[in-house]
S.K.: 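Before I ask anything, let me first share the structure, which is written out below as structure tokens.
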Amino acid sequence: MQVSSLNEVKIYSLSCGKSLPEWLSDRKKRALQKKDVDVRRRIELIQDFEMPTVCTTIRVSKDGQYILATGTYKPRVRCYDTYQLSLKFERCLDSEVVTFETLSDDYSKIVFLHNDRYIEFHSQSGFYYKTRIPKFGRDFSYHYPSCDLYFVGASSEVYRLNLEQGRYLNPLQTDAAENNVCDINSVHGLFATGTIEGRVECWDPRTRGRVGVLDCALSSVTAESEINSLPTISALKFNGALTMAVGTSTGQVLLYDLRSDKPLLIKDHQYGLPIKSVHFQDSLDLILSADSRIIKMWNKNSGKIFTSLEPEHDLNDVCLYPNSGMLLTANEAPKMGIYYIPVLGPAPRWCSFLDNLTEELEENPESTVYDDYKFVTKKDLENLGLTHLIGSPFLRAYMHGFFMDIRLYHKVKLMVNPFAYEEYRKDKIRQKIEETRAQRVQLKKLPKVNKELALKLIEEEEEKQKSTWKKKVKSLPNILTDDRFKVMFENPDFQVDEESEEFRLLNPLVSKISEKRKKKLRLLEQQELHGKEEEEEPEGKPSDAESSESSDDEKDWVAEVRKQRRLLQQEEKVKRQEQLREDQQTVLKPQFYEIKAGEEFRSFKDSATKQKMINKTLEDRLKLEAKNGTLSVSDTTVGSKQLTFTLKKSEQQKQQQEAEKLHRQERKAVRRSAGHLRSRPRWGRPFH
């Protein structure tokens, strides 16, 4: 399996290697596999995946189970079953195939367009029907809603063949002299054809009328491009409802939005060869465009190159296996190409073992080493005086330098630099000196933060190393060398506070143990300051003094914990007394509160309840208001909730209402007394 990489994208060629002739017997094939290493190491993903001479077109069925390919010579079609990884059937044809299409999900309905104007229909059992079109055809598309086949070719007319009625319909008359390619949008059914004049005409199959024309030849011509002839349309592909990619005969790919007549993006292959096919890769927003020499994959939004693939032989057709990273190519060679790109997607279900195989290769990469050649730059050639060999067979250009024979390189270097042995001798002496320096005592460079903790970890690591000489102990990773704990020795926020209560209670013996470590830490700091290469003991104290101090550390940890707890209680008591003394000395001042404008002060209790209501959630406030009767919740007929609020009245409004009520009562009393007076009888004057 051959592996290539461009822009850090791995491409695995599954069809490279020697192919054995068909006329060889099985016995001779087995003998060749034993003798030839290349034949033994090749990967044959699908058995007999090749044509006798040339492969022209290749397709994958809609269900992904079958791969169909046409080729010569003799003209034939081969169908490969991916579930069996072998050839299912082979049918010979009367003439070469220009293009073909599968109308069903499998191979049961196939339509072939031949180069002698014949259209051939095949069923599952074999040949079914054959008919002829008036002009030589170049491409065709199938419109599923109406069961119409649209044929374009060396004519201005687009021929329509209805498969439901079994007859030709009235053709579509275009303004072009000839049409090269065509395609139908699977979303809204728009039919587009690419003409020899470099235009794309769009037709509505429902009304059989033209709805728009794009002049792609004019848009493809830029200031940087050099064009010797008029660009014609050589490839056409829809993606979604609004995106269309157009390939020209001069090597440009134009990306269009159907709502605009100006291209969104123009990509040039820089080879000047006609674009053979265009495919869309939706998961990574890529476009795969291919001419006869190279397959380029680029981003459809920015136009940036993702990767490219350049096969050994010229390309005739490219097919992207759906929902995977597999690429199939039809070449000007007997063997058809199979390429696997893991970045584009997973391997198909029938060859899922490719994922495991490529993962193993990535885990154990093999570097390419050229034993017989030396890579030199242009500066190296100037130093050696070999610039006059540029362009000759002695130097092969590669990237930013050249490859030259290693024997020639050694001869020239010996002539140019006769003192190379002295340089070699000095390098060897320098290496010996560095080895002796490595055997000396190395000063321990402690971090800036948590020096005592780092020293403790170093001592524990040394003790573990000493124990490994006696017993085989499984070594664990060191915290000092682990990147996950690197911040603990760099950030001052992670400094261990030895005066905290938790530290003193959890480490009762830390004071005694740290004394020895602090002394050693001071010794190391002195060595770092003075730049000493050997460890020196401080004066007035022998090295055996440390062993005598170790006996003092063997105390009962319970007593030490109790002692630390008593010390903490005493410190807490002293802190409380100081706080109480400060509180007694401070003089309390009265606090004044300012009432907002427009509010009336009633009592501190009301403000406290108001503050409590503000701090409560909406649900709690609604429940309280429903309890007080200011809110009522009811269900409606449509299943929703209806809230009814009753606004609270202020004290001023209440007083005003009471005054109005008293006024109404007084008026009623006055009316009542006046009516009583009117109802009394009028007595006449008394008799005298």
S.K.: Using the six-membered ring wherever Trp is involved, compare the ring planes of Phe121 and Tyr129 and label them parallel, tilted or perpendicular (cut-offs 30° and 60°).
M.R.: tilted

S.K.: Does Asp204 come within less than 4.0 Å of Arg210, counting only side-chain N to carboxylate O?
M.R.: no

S.K.: Please confirm whether the backbone N or O of Ile110 pairs with a side-chain atom of Glu101, one donor and one acceptor, at under 3.5 Å?
M.R.: no

S.K.: Whether Arg59 and Asp317 form a salt bridge (side-chain N of Lys/Arg under 4.0 Å from carboxylate O of Asp/Glu) is what I want to check.
M.R.: yes

S.K.: Return yes if some donor-acceptor pair links the side-chain N/O of Asn179 with the main-chain N/O of Thr193 below 3.5 Å, else return no.
M.R.: no

S.K.: Heavy atoms only: give me the nearest Leu344-Gly325 pair and the separation to one decimal.
M.R.: CB-CA, 3.8 Å

S.K.: Have His279 and Gln281 got a donor and an acceptor in their side chains that come within less than 3.5 Å?
M.R.: no

S.K.: Would you say that more than 12 heavy atoms from the other residues, nucleotides or ligands in this model lie under 6.0 Å from the CG of Asp94, or not?
M.R.: no

S.K.: I want to know whether His114 and Phe136 have ring centres closer than 6.0 Å.
M.R.: no

S.K.: Name the orientation class of the two ring planes belonging to Tyr144 and Tyr142 (parallel below 30°, tilted from 30 to 60°, perpendicular beyond 60°).
M.R.: perpendicular

S.K.: Applying side chain to side chain donor-acceptor pair (under 3.5 Å) to Thr250 and Gln252, what does each step give before you reach the verdict?
M.R.: CA-CA 6 Å; Thr250 54; Gln252 289 91 14; 2.3 Å; yes

S.K.: Looking at every heavy atom in both His400 and Thr377, which two are closest together, and how far apart are they?
M.R.: CD2-CG2, 3.9 Å

S.K.: Specify the closest pair of heavy atoms between Leu113 and Ile133, including all atoms of both residues, with the distance to one decimal.
M.R.: CD1-CD1, 4.3 Å

S.K.: Of Lys88, Gln65, Arg349, which is the lone residue that meets side chain to side chain donor-acceptor pair (under 3.5 Å) with Tyr83?
M.R.: Arg349

S.K.: For Arg396, give me all partners under salt bridge (Lys or Arg N to Asp or Glu O under 4.0 Å), at least two apart in sequence or on another chain.
M.R.: none

S.K.: What I want to check is whether the side chains of Tyr159 and Asn170 have a donor and an acceptor closer together than 3.5 Å.
M.R.: no

S.K.: Who are the ring pair (Phe, Tyr, Trp, His ring centres under 6.0 Å) partners of Phe238, not counting sequence neighbours?
M.R.: none

S.K.: Applying the ring-ring contact (aromatic ring centres under 6.0 Å, His included) criterion to Phe89, which one of Tyr107, Tyr80, Tyr66 satisfies it?
M.R.: Tyr107

S.K.: Hey, does the side chain of Lys267 reach the backbone of Gly303 with a donor-acceptor pair shorter than 3.5 angstrom?
M.R.: yes

S.K.: Measure across Ser156 and Ala176 and return the closest heavy-atom pair with its distance rounded to 0.1 Å.
M.R.: CB-O, 2.9 Å

S.K.: Under 3.5 Å, is there a donor on one side chain and an acceptor on the other for Ser61 and Thr102?
M.R.: no

S.K.: May I ask you to check whether over 12 heavy atoms, not counting those of Asn356, lie within 6.0 Å of atom CG?
M.R.: yes

S.K.: Please determine whether the number of non-hydrogen atoms from other residues, nucleotides or ligands lying under 6.0 Å from atom CG of Asn323 exceeds 12.
M.R.: no

S.K.: For Lys62, look at atom NZ and say whether over 12 heavy atoms of other residues, nucleotides or ligands are found less than 6.0 Å away.
M.R.: yes

S.K.: For His143 and Phe191, I'd like to know if the aromatic rings sit close, meaning centre-to-centre distance below 6.0 Å.
M.R.: no

S.K.: Is it the case that more than 12 heavy atoms not belonging to Glu8 sit under 6.0 Å from its CD atom?
M.R.: no

S.K.: With a 3.5 Å cut-off and no angle check, do the side chains of Trp298 and Ser289 form a donor-acceptor pair?
M.R.: yes

S.K.: Side chain to side chain contact (heavy atoms under 4.5 Å, CB included) with Leu309: which of Leu288, Leu327, Ile294?
M.R.: Leu327

S.K.: Walk me through it: do Asp257 and Lys262 pass the test salt bridge (charged side-chain N to carboxylate O under 4.0 Å, His left out)?
M.R.: CA-CA 8 Å; Asp257 190 319; Lys262 303 296 182 184; over 6 Å; no

S.K.: Arg76: which residues meet the salt bridge (Lys or Arg N to Asp or Glu O under 4.0 Å) condition with it, sequence neighbours left out?
M.R.: Glu90

S.K.: Is any side-chain N of the basic residue among Arg138 and Glu178 closer than 4.0 Å to the acidic one's carboxylate O?
M.R.: yes

S.K.: Can a donor-acceptor pair be found, under 3.5 Å and without considering hydrogens, that links the side chain of Asn316 to the backbone of Cys55?
M.R.: yes

S.K.: Is a donor on one side and an acceptor on the other found under 3.5 Å between the side chain of Ser219 and the backbone of Cys216?
M.R.: no

